[in-house]
Structure formats: structure tokens, C-alpha cells
There are 2 protein chains.
Amino acid sequence: MAREASGLGRENAGQRILDASVRLFATRGYAATGIRPIADAAGVTTAALYYYAQTKNDLLMNVMRTGLSELLGSAQRAVAALDDPVDQIRALIDVHVRFGASDPDRAKVIDNEVQWLEGERRISIMTLRDEYEALWASVIARGNMLRSFQVQSESLARLALLEMCNGLAHWYRPDGPMTLEEIVAVFEDMAFSLLRVRDTNPASPVTNDP
Amino acid sequence: MAREASGLGRENAGQRILDASVRLFATRGYAATGIRPIADAAGVTTAALYYYAQTKNDLLMNVMRTGLSELLGSAQRAVAALDDPVDQIRALIDVHVRFGASDPDRAKVIDNEVQWLEGERRISIMTLRDEYEALWASVIARGNMLRSFQVQSESLARLALLEMCNGLAHWYRPDGPMTLEEIVAVFEDMAFSLLRVRDTNPASPVTNDP
DNA sequence: GTCTATACTAGGATAGAC
DNA sequence: GTCTATCCTAGTATAGAC
């Protein structure tokens, strides 16, 4: 109770440092983000920063591992709970889009900054990412085999869908013209179209929203 | 004729500097690329580099403006030469995919490094990019109006298609399992599916290529 | 846990000789 | 046109006091 009674009423320094890291890595990139701006944004000195992380690279690794593990875990649980490939793809879209919308900064870092992880770290994170893509691949392959989908190239379809979902982090704004629910619905619909899902409902009404 | 008779038989220094810039900006990012590595890769000193460009930012601007102008010009000519929105979208996919495949480094720089352009330059390049996206938007809107397409959200469809095409630069290898012609064909097919093009041929045969 | 102060390296850019 | 040599700033990281 007395532990958080400091003046500013903010979270503890460790958390503030992580938050500042994600935000700055997302907006300026890992390579262009200095230790001093991170420390300034977190309201500490660089020396205090090094009390929480041994190197700047540790901050990046922390963001990557926790974020990707969370994404992969959610996706695996969603797929395991369903049987129909159509439902599974819908769930994958849902998880991915909501992940990107709930924390676009974290999504951008995970998507763009892997190359800066040093040594074994990069390999371990890329393995996680490969595992995530393999999950999508397995659902697409099964759906194609069961003739739920009609896809020419499974790998290109997977890449197209993932890029489509990743793009969200570049332009999504919570106060934009569409709600997140609307965006998710449209994304699911576009994914089904792209995969040529068979039992599609009659084409949805055409609108002109921005 | 005597002008190019120097020892190495390479292009002139100005061109070597531009080539090195694109390659390094693409692989390490603008912010993380020093002028000394650029000079080294071009086989000159940093002082010689500054004879050709006033600042490092000039090198980025050069890549951006020439590349984007070329892409926009090609796209505008292709669209102007056609009338059917279906043909126009096919042409846009074609131009964009071939642009990304012919020089992935340049495509990556154009896609990822705009934020590092200083002052008015960033605005002028973003205007070019907006013009390019507006071209896609106009084709999609007209196709939707003519009921050649059946798109729920024109803006999300445009973003999805552009992300899908941009993704090519991340994974395309000239010696990969598919030829560029095959990739273009699949991309056109996926685009038509996503846009729910009406007079689609019976679904293409399903294969399992990687 | 957090500070001040600092070591050391690499960054962009320039001067002036040739 | 291209070089050598150098200026100044900002980078990561650490030492040691409190």
C-alpha cells in the first residue's frame, strides 16, 4: 500500500520504461531510437534504465517475445477449439486484427524490427513467427483439401491474408470512420472472398464508406 | 568514349553511390545506415560522396522521387489506355507487382522510409503516394458503381490489395519456386476474388505449390 | 533504485590539398 | 573529382555516490 504512494501516481519505472520503448520503437524504429529518449519518456535517467535492462536490445526482445507469444497462444487456442476450416480462418482473422488494433505500436514493432534482435534471439523469435504462419498454412491447406476453399496457391493466399491483416497497424485509428467490429467483419468477408469460400452468403450490400 | 576508360570498368561514381544507397537503405533502414558504409560500398570516401549529394537525406529523396514517379506514371498510362475496370485493376496489379519484383530494394525503401524525408520533401512524396492510391481508389469505385465489382468497403479493399502487392518485396526471390509470370497470374486471380468480380471464369484448378 | 558524471565509439558533415 | 584529416554531436554503456 505504501509502495505506490510516490508523488506522480504513475506505474512503476520498469513498466514506464517498457511502455516508452514500445512507443518509440514503433514510431522511430529500433535503430533510430536512442537510450536517452527512452529514459526521458519514462521519466528516469539512462543509468536507472540500465538497472532494469542490461542492454537496449533486451527491451526489444521483451516486447517481441511477450507480444508474439500472446498472439500465437490466442491463435492456437482459437483454432483448437473449432473444427470447420471456415470458422478457424474467421477466428484467425479475428485474433490477428484485434491484436493489431488493441496495440498498434506493439504490432508494428513485432512486424518491422525483428532484424535488430542480436544472435540467438532473432532465431528464437523468427521460430515463433514461423510457427504462427504454419498455423495459418495448416488451416488453409486443410480447408483447401476439404474443398471448403478453392485456392490456387496456398502460400500466396497465406501471405496475402497476413499482409492484409498486418496492414491494419499502419492505418487503424480508434476514432476512425469504422468501428473495430465493422472492420473485423469486412476483413472476414474479404478473406472468405480471397479464399473462394464455397457456401458464401449472397453478396453483401454494396456501400461507399471511407 | 575515353570517359569510361578507367580501370575497373564499373559505372561512374554517382551511380555507384545511388545503387549502394538503395541497397543499404533497404537492408538496414535509412536511420541505421551510415554515410561511411555507403561510401565504402560505392568505393569512394565520404568526402567524394558529398560531392554528389549535399546531405544523406538527398540520397533518400532521389530514390523516392524517381521510383515513385516511375510507378505512378506507369500506373496512370496503363489505366488511361483501358476502359473496363476489370482490365484496369489487372493492369494496376501487373504494374505494381512487376515494379516490386524488378527492384525489391527500391520498393522496400519507398514503402518503409518515407518518415525520414525532411521538411517539405516528405509532404511532396506523400502527395505522390496519395495520388497513386487515389488512382486505385477511382478504379475500384468505378468498378463497384458499374457492378463489375461487389465490394463492401472500397477503402478496405484498396488497402488490402495494396498491402498484398507490397508484401511481394518482403519475400520475392527471382529463383523462388514460382516464376514471376505465375505470381502475377495468381495475384490477379486473388484480386478478382477479393473484389468479387462478376464474370469470373469457373474456379481455377486447385494446386499445392509452395 | 536512482542519481551525476564520464568513458568511448560512431554518427553527419566540412576544409583544404591535389 | 577525389583524397586526408578533422570538427562536433549523439550513440551505448558504466562507475560510484547516495
Side-chain angles (χ1 to χ4, degrees), chain A residues 1-25 27-63 113 115-119 121-122, chain B residues 1-22 24-25 27-63 109 113 115-119 121-122:
Chain A
M1 38 186 73
R3 182 140 59 94
E4 290 297 330
S6 58
L8 293 172
R10 297 244 264 339
E11 293 160 320
N12 59 36
Q15 190 58 48
R16 292 202 314 272
I17 290 170
L18 284 178
D19 291 347
S21 301
V22 184
R23 197 172 67 253
L24 291 171
F25 291 165
T27 53
R28 315 229 335 139
Y30 174 81
T33 301
I35 289 266
R36 278 178 266 255
I38 296 176
D40 288 352
V44 295
T45 62
T46 65
L49 194 152
Y50 279 94
Y51 173 81
Y52 291 96
Q54 277 67 40
T55 74
K56 175 178 137 180
N57 212 250
D58 288 356
L59 295 171
L60 180 59
M61 184 59 176
N62 195 310
V63 177
E113 310 295 333
Q115 62 177 314
W116 301 112
L117 288 172
E118 289 159 4
R121 302 175 148 189
R122 188 164 67 248
Chain B
M1 36 185 74
R3 182 140 60 93
E4 289 299 330
S6 60
L8 294 172
R10 295 245 265 339
E11 294 161 318
N12 59 36
Q15 190 58 48
R16 291 203 312 272
I17 290 169
L18 284 179
D19 292 346
S21 301
V22 184
L24 291 171
F25 290 165
T27 53
R28 314 229 334 139
Y30 174 82
T33 302
I35 55 177
R36 277 176 264 257
I38 296 176
D40 289 351
V44 294
T45 62
T46 66
L49 193 153
Y50 278 94
Y51 173 80
Y52 291 96
Q54 277 67 41
T55 74
K56 175 178 136 179
N57 212 249
D58 288 357
L59 295 171
L60 179 62
M61 184 57 176
N62 195 308
V63 176
V109 172
E113 310 294 332
Q115 63 177 313
W116 301 112
L117 288 171
E118 289 160 5
R121 304 175 147 188
R122 187 164 68 246

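Labels below follow one simple rule: chain letters A, B, ... track the order of the sequence lines, proteins then strands, and each chain is numbered from 1. If you're wondering where the values come from, they're calculated on a predicted model, not measured in any experiment.
The span of DNA chain C lying next to chain B, judged by atoms under 4.0 Å from heavy atoms, is bounded 5' to 3' by C/dG11 to C/dA15.
We find the OG1-CZ distance between A/T45 and A/R36 to be 11.0 Å, quoted to the nearest 0.5 Å. The CG atom of B/D40 sits 10.5 Å away from the CD1 atom of B/I35 when rounded to the nearest 0.5 Å. Remark: B/I38 CD1 to B/I17 CD1 distance equals 9.0 Å, nearest 0.5 Å. Between the CG atom of A/N12 and the CG atom of A/L18 there is a distance of 9.0 Å, given to the nearest 0.5 Å. Here the CZ atom belonging to A/R28 is positioned 8.0 Å from the CD atom belonging to B/Q115, to the nearest 0.5 angstrom. Here the straight-line distance linking atom CG of A/L59 with atom OG1 of A/T33 works out to 10.5 Å at 0.5 Å rounding.
B/I35 comes within 4.0 angstrom of a nucleotide base, judged by non-hydrogen atoms across all strands.
Computed from coordinates, the B/R36 CZ to D/dG11 P distance equals 16 Å when rounded to whole Å.
Note that B/K56 lies in the cation-pi zone of B/Y30, set by a 6.0 Å cut-off to the ring centre and a 45° limit from the axis.
Taking a 4.0 Å limit (strictly below) on heavy-atom distances, residues 44-55 of chain B reaches DNA chain D at B/V44, B/T45, B/A47, B/A48, B/Y51, B/Y52.
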Show the atom names and distances, to 0.1 Å, of all donor-acceptor pairs under 3.5 Å that link a side chain in residues 47-55 of chain B to residues at least two apart or in another chain.
unit_1	atom_1	unit_2	atom_2	d
B/T55	OG1	B/N57	N	3.1
B/T55	OG1	B/D58	N	3.2
B/T55	OG1	B/D58	OD1	3.4

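Each of A/A32 and B/A13 was assigned the nucleotide of DNA chain D with the nearest heavy atom; the assignment lying further toward the 5' end belongs to B/A13.
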